[in-house]
Amino acid sequence: MGKRILFSPIGGTDPISNFRDGSLLHICRIYRPDEVYIFLSKEMYENHIKDNRYVYCLDKLSELINHKIEYKIIVDKDLVNVQEYDVFYKLFMDIISDIKSNMQPEDVLYLNTSSGTPGMKNALFIIATMDEYNMIPLQVSTPLKKINPHLEVSDKEYDIELYWEYNEDNKDDFENRCKEIKSLNLLKLLKKDMIKKHISAYDYNAALVTAQSLVDIENSRLEYMLKAAVYRSKLDSNNADKYANLSNWDNLYDIKDGTYRKIFEYAMILWLKIQREELADYIRALTPIIVSLYELILKKECEIDIEKITYEKQIKKDKVRYWDKAKIKNNYPDIIDIFNKEYKNKFDYDKPVYSHHLVNLINGKSDDYNLKEKINQLTDVEQNIRNIAAHSMVKITDDDIIKRTGLTSKQIFDIIKGLFVKAGINVKSDVWDTYNRMNEKLINEVDEFK
């Protein structure tokens, strides 16, 4: 167990008033702090110099409860305007930050919000509400449960030894008047709300960065889940699986098959780009999935296995598929006739496999009119806007896409979804909502994070 630390301003009813503990003394009696930081304004410091009343009572209490209380006096002799909240907010923030810098994670810091002026009390309450650290604001009710009347003699005649001797709270049957303020941590609430907004906007990296500013987030289930979402949205399945496993998240991915999952997850990246309105990136990213789907469609619908008539060449960091004319002659000789017809006997077999090559093969081999209509629509999209998106430095809007293709970004994506069926990837309709369902789980975890 860590240390218990108390920060307390001093008010006019400290240390003893009306034959009962003032707030400072009562908190120390109940919570038995190991360290107390006592803040004195100019007026309270004069009392301290005159009779050492605050330290005297703490020492007497330490003897009575058999618990050593270390204390440090903090004095601002120039502090006169003790009602001004903004003065104390900055002053107390600096003091508390200094205290926290020497605390261990298991230590607890208590704040006395019942002593001092209204400005002091309000400043401490706001600090406790806005801070995520392990701070507990305390209130102490008066013995009469209403405004404390001052029954003592004048301050000049204040006899601290006498007041200690006749303090009713020194008896065994004294009443515990302390109450922990169960205030919600406003800063933490604001951060959690921001995290949820980032998740709803599909910005998982921003959600993770914000979450990592929360206290106790490190190695938590929430951090692991957010990391899994970040890596999933970057198509890094190895790390996504790693953090999903660490968080016991066994259904991060809806599609388990490796090849189909890769294509589906890439499709969902396109979907994310639509949601984030990253439409230039969306258009530029269409070709890889179009090629992958066309290859699967050729295999399923046309019984042409592209791997049997191509070879891979390493180009920098990527493997690029090239046509192999000899393999085409041995496996599917009619493809040569299709290429001769479409490219007027000028087809270059030493070129990489392009999407328009595959489109021509599907058009030449398939009798499915609906399929050919869909892939030809995608061909028009590639021809009419992809190059503009790839080489333009201006923003691409849905209006630009409609103007050049006659389709919205969503309609283009719907065509891709339809081609999944033709490619033999049977994706249930609700699976396409995978990121929204993932978001629900992430947001629930944010709400549950304490």
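Positions are given from 1, in the same order as the sequence printed here.
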Hey, is the main chain of [Y] close enough, under 3.5 Å, to the side chain of [X] for a donor-acceptor pair?
X    : Y    : result
D107 : Q104 : yes
K68  : D34  : no
R232 : S237 : no
D368 : N370 : yes
S213 : T210 : yes
N122 : P118 : yes
H67  : R29  : no
D21  : D169 : no

Does the side chain of [X] pick up a donor-acceptor pair with the side chain of [Y] at under 3.5 Å?
X    : Y    : answer
S114 : R177 : no
D14  : S115 : yes
D305 : N331 : no
Y224 : N248 : no
N444 : D447 : no
S355 : E382 : yes
D236 : N239 : yes
K179 : S141 : no
D324 : T310 : no
Y37  : E70  : no

So, taking the atom named [atom1] in [X] and the one named [atom2] in [Y], what distance separates them when rounded to the nearest 0.5 Å?
X    : Y    : atom1 : atom2 : result
L293 : L286 : CG    : CG    : 11.0 Å
I95  : S97  : CD1   : OG    : 10.0 Å
Q377 : L419 : CD    : CG    : 9.5 Å
I30  : I27  : CD1   : CD1   : 9.5 Å
N102 : I5   : CG    : CD1   : 8.5 Å
K351 : H357 : NZ    : NE2   : 9.0 Å

Answer yes or no: does atom [atom1] of [X] have more than 12 heavy-atom neighbours from other residues, nucleotides or ligands under 6.0 Å?
X    : atom1 : value
K410 : NZ    : no
E373 : CD    : yes
E312 : CD    : yes
K197 : NZ    : no
Q314 : CD    : yes
E180 : CD    : yes
K262 : NZ    : no

[X] versus [Y]: any side-chain heavy-atom pair under 4.5 Å?
X    : Y    : value
L279 : S409 : yes
C178 : V140 : yes
L226 : I199 : yes
L124 : P137 : no
D94  : D98  : no
L407 : I415 : yes
L358 : I306 : yes
I269 : L272 : yes

For [Y], is there an ion pair with [X] - N to carboxylate O distance below 4.0 angstrom?
X    : Y    : result
K341 : D337 : no
D241 : R261 : yes
D350 : K325 : no
E295 : R321 : yes
K3   : E35  : yes
D193 : K196 : no

So I297 and L371, side chain to side chain contact (heavy atoms under 4.5 Å, CB included) or not? Walk me through it. CA-CA 9 Å; I297 289 170; L371 168 63; 3.8 Å; yes
Take I304 and I309 through the test side chain to side chain contact (heavy atoms under 4.5 Å, CB included) and record every step on the way to the result. CA-CA 9 Å; I304 295 176; I309 52 176; 4.1 Å; yes
Scan Y435, W271, W432 and name whichever one has a ring-ring contact (aromatic ring centres under 6.0 Å, His included) with F264.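 Single pass found, and it is W432.
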Only one of F92, F88, Y110 passes ring-ring contact (aromatic ring centres under 6.0 Å, His included) with F7; say which it is.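 Looking at F92, F88, Y110, the match for F7 under the ring-ring contact (aromatic ring centres under 6.0 Å, His included) is F92.
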Run the side-chain hydrogen bond (donor to acceptor under 3.5 Å, both in side chains) test on T379 and N376 for me, step by step, so that the C-alpha distance in whole Å, both residues' side-chain angles and the decisive distance to 0.1 Å come before the verdict. CA-CA 5 Å; T379 299; N376 287 329; 4.6 Å; no
Look at the aromatic rings of [X] and [Y] and report parallel, tilted or perpendicular, splitting at 30° and 60°.
X    : Y    : answer
F347 : Y343 : tilted
Y202 : Y204 : perpendicular
F174 : H26  : perpendicular

Give the C-alpha distance, both sets of side-chain angles, the deciding distance and a yes or no for salt bridge (Lys or Arg N to Asp or Glu O under 4.0 Å) between K365 and D334. CA-CA 9 Å; K365 295 287 290 184; D334 57 333; 2.6 Å; yes
Please report the closest heavy-atom contact between N112 and S8, naming both atoms and the distance.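 Scanning both residues completely, I find the closest heavy atoms to be ND2-OG, 2.8 Å.
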Should E445 and R221 be marked as a salt bridge (Lys or Arg N to Asp or Glu O under 4.0 Å) after you check the CA-CA gap, both sets of side-chain angles, and the distance that decides it? CA-CA 8 Å; E445 193 64 29; R221 186 166 190 262; 2.7 Å; yes
Apply the test side-chain hydrogen bond (donor to acceptor under 3.5 Å, both in side chains) to residues E265 and Y260: give CA-CA distance (whole Å), side-chain angles for both, the deciding distance (0.1 Å), then the verdict. CA-CA 8 Å; E265 287 298 314; Y260 290 165; over 6 Å; no
Can you spot which of K256, R437, K441 makes a side chain to side chain donor-acceptor pair (under 3.5 Å) with N251?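 Per the side chain to side chain donor-acceptor pair (under 3.5 Å) rule, the option paired with N251 is K441, out of K256, R437, K441.
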